[in-house]
Amino acid sequence: MTEIEYLNRVMVYLKQELSPLYRDRIVINEGVIIVKLSDDVPFNETYNDLHPLIVSNVERVRNREYDLNFTVWTANQLRDFKVYR
């Protein structure tokens with residue numbers, strides 16, 4: 001399985017597991033899974049809620065094959081993090 005195929009599978013899994021607030025905002029761009037937040041949400045509080053959710057869900061993925069790069073993004077801010085295989 002290629003890295004892009006793997007990223008797509010992880011993205012589909014996250015879309016199933018995360019709340020509706022986030023699942024429709026997940027995209028892949030240049031090997032990074034990006035969660036695009038609306039500009040009216042408090043970024044730091046939302047990131048602090050979202051980061052552990054993503055990490056805990058990704059840790060449940062069996063046979064993790066690649067390190068996963070994530071970005072939580074708004075038009076004014078972004079924060080990157082990595083989940084290692």
Side-chain angles (χ1 to χ4, degrees):
M1 175 182 318
T2 68
E3 185 174 3
I4 296 299
E5 291 170 333
Y6 183 72
L7 286 174
N8 281 319
R9 285 185 180 197
V10 171
M11 182 180 70
V12 167
Y13 177 74
L14 286 175
K15 285 184 175 190
Q16 293 170 352
E17 296 298 318
L18 294 178
S19 76
L21 294 172
Y22 307 119
R23 69 175 55 139
D24 295 331
R25 299 176 174 271
I26 301 173
V27 297
I28 296 174
N29 187 12
E30 297 182 12
V32 178
I33 299 173
I34 301 172
V35 182
K36 293 184 176 185
L37 303 175
S38 62
D39 294 333
D40 60 343
V41 299
F43 183 83
N44 287 328
E45 294 161 11
T46 305
Y47 177 83
N48 290 337
D49 292 337
L50 189 58
H51 178 266
L53 287 172
I54 290 173
V55 171
S56 67
N57 279 298
V58 167
E59 287 178 349
R60 288 189 290 208
V61 173
R62 287 178 277 151
N63 302 323
R64 290 186 304 190
E65 299 178 19
Y66 299 95
D67 295 338
L68 299 169
N69 296 300
F70 290 89
T71 298
V72 178
W73 180 93
T74 67
N76 299 318
Q77 287 183 285
L78 67 87
R79 192 168 300 160
D80 299 323
F81 64 96
K82 183 179 267 192
V83 177
Y84 294 97
R85 63 180 173 143

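Quick caveat: nothing in here was measured; it's all calculated off a predicted structure.
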| said: If hydrophobic clusters are built by linking Ile, Leu, Val, Met, Phe, Trp and Tyr wherever their side-chain heavy atoms come under 4.5 Å apart, do I4 and M1 end up in the same one? | reply: yes
| said: Side chains of S38 and D40 only: does a donor on one sit below 3.5 Å from an acceptor on the other? | reply: yes
| task | Flag yes if M11 and L18 sit in one hydrophobic cluster, no otherwise; membership is Ile, Leu, Val, Met, Phe, Trp, Tyr, and two members link when side-chain heavy atoms are under 4.5 Å apart. | result | yes
| query | Is there a donor-acceptor pair closer than 3.5 Å between any side-chain N or O of R23 and the backbone N or O of K15? | reply | yes
| field | Working for side-chain contact (heavy atoms from CB on, under 4.5 Å), residues Y22 and T46 | value | CA-CA 10 Å; Y22 307 119; T46 305; 3.6 Å; yes
| message | Working to the nearest 0.5 angstrom, can you tell me the gap between D67 CG and Y84 OH? | response | 6.5 Å
| said: Could you check whether any side-chain N or O of N57 sits under 3.5 Å from a backbone N or O of L14, counting only pairs where one atom can act as donor and the other as acceptor? | reply: no
| Would you say V35 and V32 are hydrophobically clustered, going by side-chain heavy atoms of ILVMFWY under 4.5 Å? | no
| request: Output, in order, the C-alpha distance, side-chain angles, deciding distance and verdict of side-chain contact (heavy atoms from CB on, under 4.5 Å) for L21 and V41. | output: CA-CA 11 Å; L21 294 172; V41 299; over 6 Å; no
| note | Here the gap from L50 atom CG to L37 atom CG, rounded to the nearest 0.5 Å, amounts to 6.5 Å
| About how many Å separate CG of D49 and CG of N44, when rounded to the nearest 0.5 Å? | 11.0 Å
| Which of parallel (below 30°), tilted (30 to 60°) and perpendicular (above 60°) describes Y66 and Y6? | tilted
| request: Please check if atom CD in E45 has more than 12 non-hydrogen atoms from other residues, nucleotides or ligands closer than 6.0 Å. | output: no
| field | From F70 atom CZ to I34 atom CD1, the distance as rounded to the nearest 0.5 Å | value | 11.0 Å
| field | Linked, directly or transitively: V27 and V12 (ILVMFWY side chains, under 4.5 Å) | value | no
| Around atom CZ of R85, are there more than 12 heavy atoms of other residues, nucleotides or ligands at under 6.0 Å? | no
| Between L78 and L53, is there a shared hydrophobic cluster once you connect ILVMFWY residues whose side-chain heavy atoms come closer than 4.5 Å? | no
| field | Nearest-0.5 Å distance that lies between atom CZ in R79 and atom CZ in F43 | value | 5.0 Å
| In this structure, which one of N69, L68, T71, V72 forms a side-chain contact (heavy atoms from CB on, under 4.5 Å) with F81? | V72
| request: Give a yes or no on whether the backbone of T2 and the side-chain of E5 come within a donor-acceptor separation of less than 3.5 Å. | output: yes
